[in-house]
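Working notes for the structure below.
Because the structure is predicted, anything quoted here is derived from the model rather than measured.
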Protein chains: 2
Amino acid sequence: MTRVLLVDDDATLLRALSINLKARSYDVQAALTGAAGLLLAAKQPPDLVVLDLGLPDMDGTDVIAGLRGWTQVPILVLSARDGQAAKVAALDAGADDYVVKPFGMDELLARMRAALRRAAGEQGQPVVVTPDFTVDLAAKRVERDGVEVRLTATEWHLLELLARHANRTVEHRRLLEQVWGPAYVDQANYLRVYIAALRRKLEPDPRHPRYLITASGLGYRFDA
Amino acid sequence: MTRVLLVDDDATLLRALSINLKARSYDVQAALTGAAGLLLAAKQPPDLVVLDLGLPDMDGTDVIAGLRGWTQVPILVLSARDGQAAKVAALDAGADDYVVKPFGMDELLARMRAALRRAAGEQGQPVVVTPDFTVDLAAKRVERDGVEVRLTATEWHLLELLARHANRTVEHRRLLEQVWGPAYVDQANYLRVYIAALRRKLEPDPRHPRYLITASGLGYRFDA
DNA sequence: GGGGTGCGTCAAGAAGCCATCAAGACCGGC
DNA sequence: GCCGGTCTTGATGGCTTCTTGACGCACCCC
């Protein structure tokens, strides 16, 4: 299910949006402040963020920067300000779209669909195949010799991240940020433990990994 | 250079846009009709399409469909119609953004940048190629004769820095500061040791380097 | 020719990183 | 409250990588 994070200090609007989105089978999370929004996003990375710029606790562009520091999630900005300068600032800070309040619900939904469609397109093929196992990113399943491999939630997050960047080294920081959250960027221990688990479950010879490659000092790479 | 295709039947607006974009170093192509636009796009695929919906020869959504049939290029729609239905129709047909005329030039440019930024993210960063090896900056990988060359973290940082400034001499201070930190700006020893390591691993004849060139007294240069 | 400077090479000890294991904490279902 | 699985955390040993100093060479200036 598509997870949407709403950040807006106007509780009435928040509720209206929330109801509308839930009725359309989105998985909705809501925050009233920028700080709460960033925290929620870190805990459970959303597929789309709808962000009101007029928050009481933080400047809107700072919230955008806080997200862009570690994720490429589409950000759709809402704002009462119609000036060009505000729009340019938000878009250049990393927002994907800018909608002026008051807005029509149908338009907002269409813009959300457009943003999600683009983001989905980026993810590429949903299945990664190797001679020894296959990773089905859409179904969240891993098969080896025709048998499903049972992965824990954390193992899956890590494998998914690596598989989506197959053949590219992903840095320690990035892995830790995406799987455990921004607070864990220097807990490299976690990576070792879970990479080891994945190797045990997937590699033909866990002692000499062929797919989950260590880039010493840099990160790990999934070679397809 | 970024190629932009403008499709609009209003010749005045077309010229104004064109001048503005060219001044910002975009490579601009213009079409007055939907048919001409589709033809141009097919001939020389653009990086971004700016499309006026009110064309004389075709319905706007048909132009969008004609593009979406074979390309994921970002489409930014211009329209005089401000109704929600028109926006929803265009966005759901495959447009990425919808700007109502009259619009501010700064806003349009910011929305173009946002669309291009997203599209660029999909492709990944550049690769530096030489006759003897290739440096993939995004994947953090180096290949030589089709075989991966194993680099340590420090070796990679140094090579990356040089590759990103290919064909330009980078000063000792700068290299040391970026790779080892500001406290090491006069530890020129480190550079010798690690440049030597890179030459051993990458140069066809490490004794007579062809790519990692010493600029005596100044710094080093990566010749591509 | 002599002294100085910058560069390339080498090697050995120090330091850091990685794989692995295991024990305790935590959390869910029953 | 118990039990199984999962997550966190710390300790260990092996290995890679980094740091450091020494040496030789080429070049330049005097």
Using a cut-off of 4.0 Å on non-hydrogen atoms, how would the nucleic acid contact of A:Y184 be classed: base, sugar-phosphate, or nothing? nothing
Ignoring backbone atoms, establish whether A:S216 has a side-chain N or O less than 4.0 Å from OP1 or OP2 of D:dT16. no
Between A:L53 and A:S79 the two heavy atoms that sit nearest each other are CB-CB, 4.2 Å
Please tell me which of the listed nucleotides, D:dT20, D:dT8, D:dT9, lies nearest to the side chain of A:Q187? D:dT9
Decide, yes or no, whether a salt bridge links B:R113 with B:D97 under the criterion of side-chain N to carboxylate O below 4.0 Å. no
For the student: nearest non-hydrogen atoms of B:R150 and A:T214, plus distance: NH1-O, 4.2 Å
By nearest atom, which of the nucleotides D:dT9, C:dG8, C:dT20 is closest to the A:R207 side chain? C:dT20
Is the side chain of B:E203 donor-acceptor paired with the backbone N or O of B:H208 at a distance under 3.5 Å, no angle test? no
Ignoring hydrogens and geometry, is there a side-chain-to-backbone donor-acceptor pair from A:R210 to A:P204 under 3.5 Å? no
Taking any heavy-atom pair under 4.0 Å as a contact, classify A:H208: base, sugar-phosphate, or nothing. nothing
Separation of B:W180 atom CH2 from C:dG16 atom C1', in whole Å? 16 Å
Considering just the side-chain nitrogens and oxygens of B:T152, establish if one lies under 4.0 Å of OP1 or OP2 belonging to D:dT16. no
Please classify the nucleic acid contact of B:R150 as base, sugar-phosphate, or nothing, using heavy-atom distances under 4.0 Å. sugar-phosphate
Students should find that the end-to-end axis angle of the helix from C:dG1-D:dC30 to C:dC30-D:dG1, with five pairs defining each axis and rounding to 10 degrees, is 40°
Check: B:E107 main-chain N/O paired with A:Q84 side-chain donor or acceptor under 3.5 Å: yes
Side-chain N or O of A:T214 less than 4.0 angstrom from OP1 or OP2 on C:dC18? no
Please answer whether the main-chain N or O of B:L76 pairs with a side-chain N or O of B:D96 as donor and acceptor at a distance below 3.5 Å. no
Roughly how many Å is it from OH in B:Y190 to P in D:dT17, rounded to a whole number? 17 Å
B:E171 CD to C:dG6 C1', straight-line distance once rounded to whole Å: 17 Å
Gap between atoms CZ and C1', on A:R192 and D:dG14 respectively (whole Å): 13 Å
Charged N to carboxylate O below 4.0 Å: is that the case for B:D132 and B:R199? no
Interatomic distance where NE2 belongs to B:H172 and C1' belongs to C:dT5 [whole Å]: 13 Å
Mapping B:V193 and A:N189 to their closest nucleotides on DNA chain C, which lands nearer the 5' end? B:V193
Distance in angstrom units between A:I195 CD1 and D:dC7 P, rounded: 14 Å
Starting at CG of A:L198 and ending at P of C:dT20, how long is that distance when rounded to a whole Å? 12 Å
Applying a 4.0 Å non-hydrogen cut-off, can you work out what A:A188 is touching in the nucleic acid: base, sugar-phosphate, or nothing? nothing
Rounding to an integer number of Å, can you tell me how far B:R221 CZ sits from C:dC7 P? 14 Å
